[in-house]
> 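Next up is a structure, given as structure tokens.
Bear in mind that the values here come from a model prediction, so they are computed numbers and not experimental data.
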Amino acid sequence: MTQREGSLAPQADSSVSLLPHLEAKIRQTHSLAHLLTKYAEQLLQEYVQLQGDPFGLPGFSPPRLPVAGLSAPAPSHAGLPVHERLRLDAAALAALPPLLDVVRRRQAELNPRAPRLLRRLEDAARQARALGAAVEAVLAALGAVNRGPRAEPPAAAAAAAASAASAASGVFPAKVLGLRVCGLYREWLSRTEGDLGQLLPGGPA
């Protein structure tokens, strides 16, 4: 590794001097995360609207059911080095598509006359895969791939557990689980957008 290549190692977050092609890759991935965060908000709103009462009622606070294989970003996430945060983002994005597929299949049973919601869930799974691959590409360009543990279990096993739990539960718990997955999708996209922004020149410290 040359001295210039070594400068790309993620040691100083946004103070890293980026080569033009690397900065362009990060900007493109950040823009994708920003766009998908908006789509995730629309997905969450439409999901809530189609679940009926008490979803969407003022003051309704659904239980925060655990989701197999995925949790919300920890409070300590923001204090980690940016490359470690991006590895956690990539792991979450890898776990989300099969979970979104579980929600889509359950909604196809509960809301068969909601094709737009089903299409949004299908699109969300595909978009999470695309963003996850883009984040992995950024990590590879930074020389920060496959370092440190992955906090989440394999996505396929997590999705199988979530699918079994959804199938065994009643209608209300299944709807709450879907709400939780859609909420986690939005949270991790927003967090990924913020973490990528810290790599850009002029990003927050």
> Which pairs count as side-chain hydrogen bond (donor to acceptor under 3.5 Å, both in side chains) when at least one residue sits in residues 50-60, sequence neighbours excluded?
Gln51-Gln107
> Below 4.0 angstrom, N of the basic side chain to O of the carboxylate: do Arg120 and Asp123 qualify?
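Salt bridge flag = no for Asp123 with Arg120.
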> Would you say CD of Gln45 has more than 12 non-hydrogen atoms from neighbouring residues, nucleotides or ligands within 6.0 angstrom?
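For Gln45, atom CD is crowded (more than 12 foreign heavy atoms under 6.0 Å).
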> To the nearest 0.5 angstrom, please state how far the OG1 atom of Thr37 sits from the CZ atom of Arg191.
11.5 Å
> If we check side-chain contact (heavy atoms from CB on, under 4.5 Å) with Leu199, which of these qualifies: Leu22, Thr29, Ile26?
Ile26
> Hey, mind stepping through His77 and Glu84 against side-chain contact (heavy atoms from CB on, under 4.5 Å) and telling me if it holds?
CA-CA 9 Å; His77 185 98; Glu84 292 185 18; over 6 Å; no
> Val181 vs Val67, test: side-chain contact (heavy atoms from CB on, under 4.5 Å). Steps then yes/no.
CA-CA 7 Å; Val181 170; Val67 176; 4.2 Å; yes
> At what distance, to the nearest 0.5 angstrom, does CG of Leu43 lie from CD of Gln127?
9.5 Å
> So, using salt bridge (charged side-chain N to carboxylate O under 4.0 Å, His left out) as the criterion, who are the partners of Glu41 when residues are at least two apart?
Arg186
> Decide whether Leu50 and Leu118 are clustered together by the hydrophobic rule: side chain heavy atoms of Ile, Leu, Val, Met, Phe, Trp, Tyr closer than 4.5 Å, transitively.
no
> Among Leu139, Leu80, Val135, whose side-chain contact (heavy atoms from CB on, under 4.5 Å) with Arg87 holds?
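That would be Leu139; it is the only one of Leu139, Leu80, Val135 passing the side-chain contact (heavy atoms from CB on, under 4.5 Å) with Arg87.
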> Charged N to carboxylate O under 4.0 angstrom, Arg119 versus Glu122?
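Here Arg119 does not pair with Glu122 in a salt bridge, since their nearest N and O are not under 4.0 Å apart.
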> Show, in sequence, the C-alpha distance, side-chain angles and deciding distance for Val48 and Cys182, and conclude whether the side-chain contact (heavy atoms from CB on, under 4.5 Å) test is met.
CA-CA 10 Å; Val48 169; Cys182 290; over 6 Å; no
> How far apart are the C-alpha atoms of Tyr39 and Leu189, what are their side-chain angles, what is the distance that settles it, and do they pass the side-chain contact (heavy atoms from CB on, under 4.5 Å) test?
CA-CA 10 Å; Tyr39 289 166; Leu189 286 178; over 6 Å; no
